[in-house]
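These notes are about the structure you will find just below.
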Amino acid sequence: MLQKVYKRYRYSLILLRELVITDFKLRYQNSTLGYLWALLRPLFLFVIIYVFFVYVLNVSRGVEHWGPALLLGVVLWNFFSEVVRQGLKSVVSSGGIIRKINFPKYIIVVSTSLSAIINLLINLVVVAIFAAINGVEPTWGLLAVPVFILELYAFALGLAFILGTVNVKFRDVSYIWDVVSQALFYGSAIMFPMNRVVEINYNVAIALLINPVATVIQDARYYGITTTVDTLQGLTSNPFLIALPVIISIATLYIGAVYFHKRSPYFAEDI
Amino acid sequence: MVKAKKKIAVEVKNVKKRFYLPHHSNNSIKSAITQAFKPKRKGGDSFYALDGVSFSVEKGDFFGILGRNGSGKSTLLKIISEIYQPTEGTVSHKGKLVSFIELGVGFKAELSGRENVFLNGALLGFSKSEIESMYDDIVSFAELERFMDQKLKNYSSGMKVRLAFSVAIRAKADILILDEVLAVGDAAFRKKCNDYFQTLKDEDKTVILVTHGMGAVRDFCNKAIVIENGKVAFEGSGDEAADEYLRLFDKDIADTSEKNKEKRWGDKAVVIDDFNVDTDKNNVRVSIVAKAGPKALSNVAVGFRIKSAKGKVLIGANNLNVQDTTTIDFAANETKEIEFVLPNILGNKTYIFSATINSSGGTATHDWWENITSIEHKRASGGRYPLIAPAKIQTRSSKKK
């Protein structure tokens, strides 16, 4: 059974592996410190964000360990944004290969998302360092964080499939997404805690938290760093509302995969 | 003799492929919205690159596809390789199919030769360990031992092709599709290509080859088709198809060349009334019907010229310079038919004829009809290079004392 599955997906796995490695190699070409930058870059960026948003513009609103919580949000957002943005571009930028050989096209989108996962893991290590310095106590709740990341990944991958496919025919998508993603960024309470929105208007906070990106970030903060942040479960007891972000994520992935699968045989001639 | 029934490896059934020719490229949402409200235009904006192509390739066949640029052969290849989807019809194949529309697909200029071997190998379905086990062979075949850690952007185009080819020939497949691979490289590289083809032939692999190199088609293909305007124009052995392809090409030059336009001049004292060319296995018969005007004329030279499709004069003759010379005189308003019979030494090509009527001394041109007609000649029989020209062979030997 397992061998059968392996045989069927053998080509995809080989290709996936090689594409991810290639992407990683190309990214750090010609730099003296090479792969070290994968770690150094977020480290320096986080120091800047940390200093500015904790010491200069503090909007912590009573949230404990706001520094690491902020960074965790930034890291998750970057991950989401990278998966969608790279996925959106990936199909068109692989036009050269698509026009010359036949291979499972989803590999292209999945391989860019795997590169994003590698980056996420490196970034999470840096966040863990900040959290440790900040005195965050590790709890069993940490084990729930990967589940939320999975939810975010499903949502991002689904969007990447949809936008990558649409981009083949309509290149405007890239600009539209730039605008939409800015709205999502500010609507997901990343640089400020959701508690601030709750202070202003409870219903708006609920509406924002329906968005899987916002909910995943608040949930990850809650279980990973501090229970003082507001989450969807904390604000409402309506089971449908609580389930909605998960449903949206899974539905997006499903629709994206089906749509991509349906359109992918025509990529070669449409690009 | 009963021929054992062979298995079909690739089957192409009535494949059509339509492409749209947009007047403006339609890839922004604005144009999609504005277009959506306009009535859909039919016809005119699309064309069939393939228009009902059917053929089957049997297991073990070395199958050639010939065709001019734009004839649709690359589209056909992409459909067989499942890169394009047919608009109508079906394509099926049995066994693992690997296609090389281009060598070195996915090569990255910023990576080293070594890294590119692994990447290119992965596209062919080889795992890292599989490539590792044949890495040394690949490198030595490409003769690039010293350059493998060099970035690909510093390779010459010849080096890139050698490396790509060296990886490509490792591909394990039941059916191989090769497009124009031979078109590049120097003599030594082409020799390697030919050796590879021979190996494939010896191993009884199914190969579909698209090429402009007639040599490869004649030497390797047991079957071939000629594609013209999206249709199968000819199907036969490699030799036959190559001949047909050259003939088509020749015809086109004959049809389009400015030099081959009809021209006629002269004083019309005698005019050409009719001109006919007839060929059979042994002879070419050229008959000219000439008609004199109200004045009688004596000693007229009636003749013809045969030119190649490219407009080069091959043979010329008239009644005064053939083996049995005759004098032709015309009474007033007389019509005469003159027939020349010469051995048929024409090949499978297009020939263009001109008819000429001059005064015997060449001082006056009565009627010169340049490019009066053309024929597409097909040899009734004969091998690949028939030599039936009336040539004599003499051997002389001498010994020094």
Side-chain angles (χ1 to χ4, degrees), chain A residues 6-31 91-105 107-108 111 163 165-177 179 261-271, chain B residues 17-20 22 25-33 49 74-75 77-87 93 96-112 114-131 151 153 168 171 177 179:
Chain A
Y6 174 72
K7 216 176 163 188
R8 174 154 178 219
Y9 291 103
R10 181 177 178 273
Y11 183 46
S12 302
L13 285 172
I14 289 171
L15 210 53
L16 203 55
R17 180 176 184 282
E18 207 54 47
L19 287 179
V20 173
I21 291 174
T22 302
D23 185 63
F24 207 69
K25 274 179 185 161
L26 284 175
R27 201 177 302 195
Y28 299 104
Q29 273 288 329
N30 293 334
S31 56
V91 179
V92 169
S93 61
S94 305
I97 307 178
I98 292 175
R99 260 182 265 118
K100 300 295 179 196
I101 57 171
N102 177 32
F103 65 102
K105 314 285 183 291
I107 298 294
I108 301 169
S111 84
L163 297 177
T165 308
V166 175
N167 193 38
V168 171
K169 280 218 161 178
F170 304 105
R171 304 286 156 88
D172 302 40
V173 168
S174 154
Y175 304 104
I176 295 171
W177 176 249
V179 177
H261 184 73
K262 222 179 136 191
R263 289 303 311 166
S264 64
Y266 304 98
F267 283 167
E269 46 198 288
D270 286 343
I271 289 175
Chain B
K17 180 69 191 172
R18 186 174 56 213
F19 283 112
Y20 286 99
S25 92
N26 184 26
N27 50 11
S28 70
I29 283 179
K30 181 188 155 226
S31 61
I33 292 167
S74 292
T75 307
L77 220 58
K78 285 191 173 177
I79 288 179
I80 298 173
S81 313
E82 295 175 328
I83 295 169
Y84 284 173
Q85 304 300 313
T87 312
H93 64 82
K96 190 171 183 263
L97 182 146
V98 171
S99 71
F100 296 103
I101 304 287
E102 194 181 279
L103 278 177
V105 172
F107 267 7
K108 297 266 186 222
E110 284 293 330
L111 293 180
S112 71
R114 188 186 154 81
E115 288 161 330
N116 269 300
V117 166
F118 283 91
L119 180 60
N120 200 239
L123 284 165
L124 288 176
F126 287 120
S127 70
K128 190 166 179 268
S129 58
E130 281 170 324
I131 295 269
K151 276 184 187 172
K153 63 179 176 187
I177 295 185
D179 185 12

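Small disclaimer: the values here were computed from a predicted structure and weren't measured. All chains are named by letter (A, B, ...) in the order of the sequence lines, taking the proteins before the strands, and each is independently numbered beginning at 1.
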For Tyr9(A), I'd like to know if atom OH has over 12 heavy atoms of other residues, nucleotides or ligands within 6.0 Å. no
Between Ser127(B) and Arg17(A), is any pair of side-chain heavy atoms under 4.5 Å apart? no
Thr22(A) side, atom OG1; Asn116(B) side, atom CG - distance, nearest 0.5 Å: 8.0 Å
Under 4.5 Å between any side-chain heavy atoms of Ile101(A) and Ile101(B), yes or no? no
Rounded to the nearest 0.5 Å, the CD1 atom of Ile131(B) sits from the CD1 atom of Ile14(A) at a distance of 9.0 Å
If I compare all heavy atoms of Glu269(A) with all of Phe19(B), which pair ends up nearest, and what's the gap? OE1-CE2, 4.3 Å
Interchain contact, Leu97(B) with chain A, by part (heavy-atom threshold 4.5 Å): neither
Can you tell me if NZ on Lys153(B) sees more than 12 non-hydrogen neighbours from other groups inside 6.0 Å? yes
Nearest non-hydrogen partners of Lys100(A) and Ile83(B), listed with the distance: O-CD1, 3.2 Å
Checking heavy atoms, do the side chain of Ile98(A), its backbone, both or neither come under 4.5 Å from chain B? backbone
Euclidean distance, Arg99(A) CZ relative to Lys78(B) NZ, rounded to 0.5 Å: 7.0 Å
Among residues at least two apart in sequence or on other chains, which ones pass ring pair (Phe, Tyr, Trp, His ring centres under 6.0 Å) with Tyr266(A)? none
Closest approach of Ala122(B) and Tyr11(A), non-hydrogen atoms and distance? O-CE1, 3.4 Å
Go through the atoms of Phe103(A) and report whether side chain, backbone, both or neither lie under 4.5 Å from a heavy atom of chain B. neither
